[in-house]
Amino acid sequence: MHDIRFIRENPAAFDAGLARRGLAPLSAEILALDKSHRELIVEIEHLQAERKRLSAFVGQLRGLGQHEEAMSFQQDAIEVSKKLKDLEPELDKSKGALTAMLAAIPNLPVDDVPQGADEADNVEVSRWGSPRDFDFAPQDHADFGPALGLDFEGGAKLSGARFTALRGQMARLHRALAQYMLDTQTGANGYEEVNPPLLVRDEALFGTGQLPKFAEDLFRTTDGRWLIPTAEVSLTNLVADQILALDSLPIRMTALTPCFRSEAGSAGRDTRGFIRQHQFEKVELVAIAKPEESEAEHERMCAAAEGILQALGLPYRKMLLCTGDMGFGARKTWDLEVWLPSQATYREISSVSNCGDFQARRMNARYKPEGEKQTRFLHTLNGSGLAVGRTLVAVLENYQQADGSVTVPDVLAPYMGGITKLAPR
RNA sequence: GGAGAGGUGGCAGAGUGGUCGAAUGCACCGCACUCGAAAUGCGGCGUGCCCGAGAGGGUACCGUGGGUUCGAAUCCCACCCUCUCCGCCA
């Protein structure tokens, strides 16, 4: 959600930001709405003041037993009330139009975000590790995975395309990855473990920006709730409608949860394999920070995600997303892309975003700066640390052997119950 | 799911149609007293929006949304949430 006052004072900068996002200028339309809306407010508040005054007279005169005089004031008050009844629906209408307009506009990129149309224009920031030299042709996990317990058929039978059952050693490896990540984020990286609800109300999804625009990407329950597409929704909204104490900041939270995405717009992409599923698990990182701390917090969070990839020995690169590839709520995003030998390319495994005060404004999450009377909106950040399903794919492909087996990365040993290798059966 | 009770400022808690943004206490901030502190006294102490260069003024907000009324924290309706008991249940 954008600050109407910022738009009032910097309409050109606002439109320039929109242009960076590939959007047409909107400030003129917004400011026209805003102007007429404020004029309505002035008119209505005038009438309210008048009604208040008259009604107080009525009460006083009644108390004094002067009923005739009271009647005359009451008549005047009735007139004022009538006018108000006519105007109030208009106020609701203009307020609604303004809010709807502002709620549908994405966050604006910060200055150092590169200009671009799509993912082809993302900028590589750094690279870690080097792809392994295979002395055989590396296979696609979708091909050798089933023999190791990646049960695509079973998943499809139960639930349809893009659902997969993990069995035996494969389920164990998946669980080991998730536990390792969660332990690392809660331990070394100091994020508070949270086990949040997976079903949320409209307001939560509005707060993080999935609603009102992206309802078609979500699953909805019969009682009107929604399955979370990411724990970012649950975790970030924990601070909604709060004025946080200074000494509680920054707040760092993490959660291991399933995520549910209907992916309505992506039919045909990654239809094979475990890359794009309607249901997957993810260890999410969320931070709530003071504005002046959010950039450092962003770096810190990205390092927390990178640490997992490094510990697992998975080659990856860090990309700075261009304006055209950033999500709705982000002002700056890094993607971590892991090397997939079968595709001989890097694929997204984590996305780490600073949303500035965009989400905080939508969910009304504030703090009171030291020595100031005015409250201010917090900054919110989120990142994957990491997506468990895609990490499983990366481990399978990068650690595959010529015989179709997969060696387990050392760091997972404490979680694998003695299993050091997944062997085909 | 059934029956009942309740949601008021940071907290506790009063207020059942008019001068109530709301008593009182606690907490907090400032000042006075003190060498300093405690105690005491005095003053201050919610959030949003609008107007205003500012000083300041206006308006709304007592869970949320509607309604009745000249006027609603107070009356009516719906919803949300909390608590107690019963049922069911991992």
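Throughout, protein chains are lettered first and strands after them, A, B, ... in sequence-line order, and every chain is numbered starting at 1.
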field: Sequence-distant partners of His174(A), ring-ring contact (aromatic ring centres under 6.0 Å, His included), two or more places apart
entry: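 Counting only residues at least two positions away or on another chain, His174(A) forms no ring-ring contact (aromatic ring centres under 6.0 Å, His included).
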message: For the backbone of Gln139(A) and the side chain of Gln400(A), can you confirm whether one donor and one acceptor N or O come within less than 3.5 Å of each other?
response: yes
Please list, one pair per line, the donor and acceptor atoms closer than 3.5 Å that link side chains of residues 41-48 of chain A to other protein atoms, with sequence neighbours excluded.
none

Interatomic distance, [X] [atom1] vs [N] [atom2] [rounded to whole Å]:
X	N	atom1	atom2	answer
Gln242(A)	U47(B)	CD	P	16 Å
Arg361(A)	G48(B)	CZ	C1'	13 Å
Glu203(A)	C79(B)	CD	P	16 Å

field: Residue pair Lys93(A), Glu90(A): steps toward the salt bridge (charged side-chain N to carboxylate O under 4.0 Å, His left out) verdict
entry: CA-CA 5 Å; Lys93(A) 246 178 21 196; Glu90(A) 284 189 47; over 6 Å; no
query: So, Thr257(A) and Glu284(A): side-chain donor and acceptor under 3.5 Å apart, yes or no?
result: no
Any residue meeting side chain to side chain donor-acceptor pair (under 3.5 Å) with [X], in chain and number order, not counting sequence neighbours:
X	answer
Asp357(A)	Arg361(A)
Asp118(A)	none
Glu39(A)	Lys35(A)

query: So, for Phe274(A) and His141(A), is the gap between ring centers shorter than 6.0 Å?
result: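 Between His141(A) and Phe274(A), which both carry aromatic rings, the centre distance is not below 6.0 Å.
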field: Between Phe358(A) and His379(A), ring centroids under 6.0 Å
entry: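 Not under 6.0 Å, so no.
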Taking the same atom, [atom1], in [N] and in [M], what whole-Å distance lies between them?
N	M	atom1	value
C45(B)	U24(B)	C1'	16 Å
A14(B)	U69(B)	P	32 Å
U82(B)	G63(B)	C1'	10 Å
A27(B)	C81(B)	P	35 Å
G17(B)	U74(B)	P	11 Å
G18(B)	A72(B)	P	11 Å
G4(B)	G13(B)	P	24 Å
G46(B)	G7(B)	P	24 Å

query: For Ser350(A), which residues count as a side chain to side chain contact (heavy atoms under 4.5 Å, CB included) partner, sequence neighbours excluded?
result: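 Counting only residues at least two positions away or on another chain, Ser350(A) forms a side chain to side chain contact (heavy atoms under 4.5 Å, CB included) with Ala305(A), Leu336(A), Val352(A), Ser384(A), Leu386(A).
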Write down the protein N/O and nucleotide N/O pairs, taken from nucleotides 80-82 of chain B, whose separation is under 3.5 Å; answer none if there are no such pairs.
from   : atom 1 : to        : atom 2 : distance (Å)
C80(B) : O3'    : Arg201(A) : NH2    : 3.4
C81(B) : OP1    : Arg201(A) : NH2    : 3.4

field: Glu79(A): salt bridge (charged side-chain N to carboxylate O under 4.0 Å, His left out) partners, not counting sequence neighbours
entry: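 For Glu79(A) the salt bridge (charged side-chain N to carboxylate O under 4.0 Å, His left out) partners, ignoring immediate neighbours, are Lys82(A).
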message: Nearest 0.5 Å, please: how far is CD in Glu397(A) from CG in Asp143(A)?
response: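 Going from CG on Asp143(A) over to CD on Glu397(A), the span is 9.0 Å.
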Listed once per pair and sorted, the ring-ring contact (aromatic ring centres under 6.0 Å, His included) pairs that draw on residues 63-101 of chain A, sequence neighbours left out: Phe57(A)-Phe73(A)
- prompt: OP1 or OP2 of C51(B) sitting under 4.0 Å from any side-chain N/O of Arg38(A)?
  reply: yes
field: Short side-chain N/O contact to G48(B) OP1/OP2 from Arg366(A), under 4.0 Å
entry: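 Answer is yes, contact under 4.0 Å.
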Between protein and nucleic acid, restricted to nucleotides 15-17 of chain B and to nitrogen or oxygen atoms under 3.5 Å apart, what atom pairs and distances do you find?
none

message: So if I define the base as every atom that isn't primed, P, OP1 or OP2, how would nucleotides 52-78 of chain B read as a B/S/- string at a heavy-atom cutoff under 4.0 Å?
response: ------BSS---------BS-------
field: Contiguous Watson-Crick or G-U pair runs (3 or more, under 3.5 Å) in RNA chain B
entry: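 Looking at RNA chain B, the stems formed by three or more consecutive pairs are B:1-7 with B:80-86, B:10-12 with B:24-26, B:28-32 with B:40-44, B:46-51 with B:56-61, B:63-67 with B:75-79.
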